[in-house]
Number of protein chains: 2
Amino acid sequence: MCQSNVYLQTENGEEKLVMEDVSLITPLDGGETELVGLFGDRLTVKARIKEMDLLKHRIVMQATEAS
Amino acid sequence: MCQSNVYLQTENGEEKLVMEDVSLITPLDGGETELVGLFGDRLTVKARIKEMDLLKHRIVMQATEAS
């Protein structure tokens with residue numbers, strides 16, 4: 001099972017879990033990213049990928065300014 | 001083992017394997033992305049993430065223009 005948990009890094013450096021068991025990640029235009037979970041649940045976040053550690057099942061995202 | 005293979009999509013839509021068993025992916029400034037393999041091998045590509053399918057262990061990247 002290789003899904004990852006997605007965290008959003010806030011301005012003060014804290015990390016907040018936004019979605020668990022994400023299997024598909026697609027960066028969209030305008031600084032958004034679409035996340036799709038194991039059961040087809042979808043979430044679009046106004047954030048870009050900052051770093052991904054696939055062995056730790058961890059994806060850190062950073063909020064983007066609205067474009 | 002949750003590393004992924006990274007493919008670069010060419011202009012005519014073909015996909016070329018650029019690195020196997022990637023464990024860390026970090027988008028850099030200027031449209032580049034750093035890939036780190038299971039044994040610490042590093043590769044920086046002039047490309048951005050197009051889509052990632054963690055269940056299929058597949059990351060597709062698209063070349064960016066030099067900035």
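Chain letters run A, B, ... following the sequence lines, proteins first, then strands; residues in each count from 1. Because the structure is a prediction, the values reported are computed rather than measured.
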Using the side-chain contact (heavy atoms from CB on, under 4.5 Å) rule, take A/Leu38 and B/Leu55 through it: C-alpha gap first, then chi angles, then the decisive distance, then the call. CA-CA 9 Å; A/Leu38 198 52; B/Leu55 300 186; 4.0 Å; yes
With 3.5 angstrom as the limit, list the donor-acceptor pairs from chain B to chain A, or say none if there aren't any.
from	atom 1	to	atom 2	distance (Å)
B/Ser23	O	A/Leu54	N	2.7
B/Ile25	N	A/Met52	O	3.0
B/Ile25	O	A/Met52	N	2.9
B/Met52	N	A/Ile25	O	2.9
B/Met52	O	A/Ile25	N	3.0
B/Leu54	N	A/Ser23	O	2.7

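Residue contact with chain B, scored on non-hydrogen atoms closer than 4.5 Å, is absent for A/Leu28. Residue A/Val60: no heavy atom, backbone or side chain, is found under 4.5 Å from chain B.
Under the 4.5 Å side-chain criterion, counting only non-hydrogen atoms from C-beta, A/Leu54 is in contact with B/Ile25.
Residue A/Val36 is found in a hydrophobic cluster whose other members, listed by chain and number, are A/Leu24; membership requires side-chain heavy atoms under 4.5 Å apart, directly or through intermediates.
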